[in-house]
Each structure stands twice: as C-alpha cells, then as structure tokens.
Amino acid sequence: MLPEEGAEFPEVIKWYENLCKEKFGAIKFNYMIMMMKDPFVHYHAFPRYDKKVNLFDIEWEDANTLSNFSSVDKLDDELLFKIRDYMTK
C-alpha cells in the first residue's frame, strides 16, 4: 500500500470506533488487514462487546475470542439495510 492510500486510515478508524461505541456500546476493536487475489489491501473491522446488544428484535452476543468469518451469522439484505440506516442516523 502506498502512503497516500493509507493516509486517511486513522481518520476512518476514529470515525468507525466512535460510531460503534455510541450506537452499540462497543468497548474495543479487532482489525484484520488482508490482501486477497486482488492487488490491493483491504480491512475488516470487528467491534467487540462485553454485554449483549439488543437491536432489531435480535439479541447479539460477542461470544468469540477471535474474529472469525465462519462464526458470523448470515444476515439478509433487509437487516443489513436496517443496520446501515441505524448507523447513519
């Protein structure tokens, strides 16, 4: 990654962490920085919680000690849009 490509990363992290703390009560964060078959780096951010979060009639629990893609429930598009809209209010 070129320096100019990563220059905004600290600003994005600050925005993302503040939003997740405010909206969901996140207490810490895990990040994975990866490069797959495409020639660019991308990031996965995982907010972490010390208590259950009730949102959209679902009880969400942070039961994992490691960020693990296979341990995540599959969410339908309607719920993903609800989460997006809740985050941007």
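Taking the salt bridge (Lys or Arg N to Asp or Glu O under 4.0 Å) definition, one finds that K28 meets it with nothing, sequence neighbours left out. Under the salt bridge (Lys or Arg N to Asp or Glu O under 4.0 Å) criterion, E59 pairs with K52, not counting sequence neighbours.
Between H44 and F46, the two ring planes are parallel [angle under 30°; tilted spans 30° to 60°].
Cluster annotation: M87 and W60 are assigned to the same hydrophobic cluster (Ile/Leu/Val/Met/Phe/Trp/Tyr, side-chain heavy-atom contacts under 4.5 Å, transitive). Clustering ILVMFWY residues whenever any of their side-chain heavy atoms sit less than 4.5 angstrom apart, transitively, puts F9 in the very cluster that holds F29.
Atom CD of E4 is surrounded by more than 12 heavy atoms from other residues, nucleotides or ligands within 6.0 Å.
Listed here is the closest heavy atom pair of G6 and P10: O-CD, 3.8 Å. When all heavy atoms of Y49 and D62 are compared, the closest pair comes out as N-OD2, 2.9 Å.
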Distance-only criterion, 3.5 Å: show the donor-acceptor pairs between side-chain atoms of residues 14-24 and protein atoms not counting sequence neighbours.
residue : atom : partner : partner atom : Å
E17     : OE2  : Y31     : OH           : 2.8
N18     : ND2  : K14     : O            : 3.2
K23     : NZ   : Y86     : O            : 3.0
K23     : NZ   : K89     : O            : 3.3

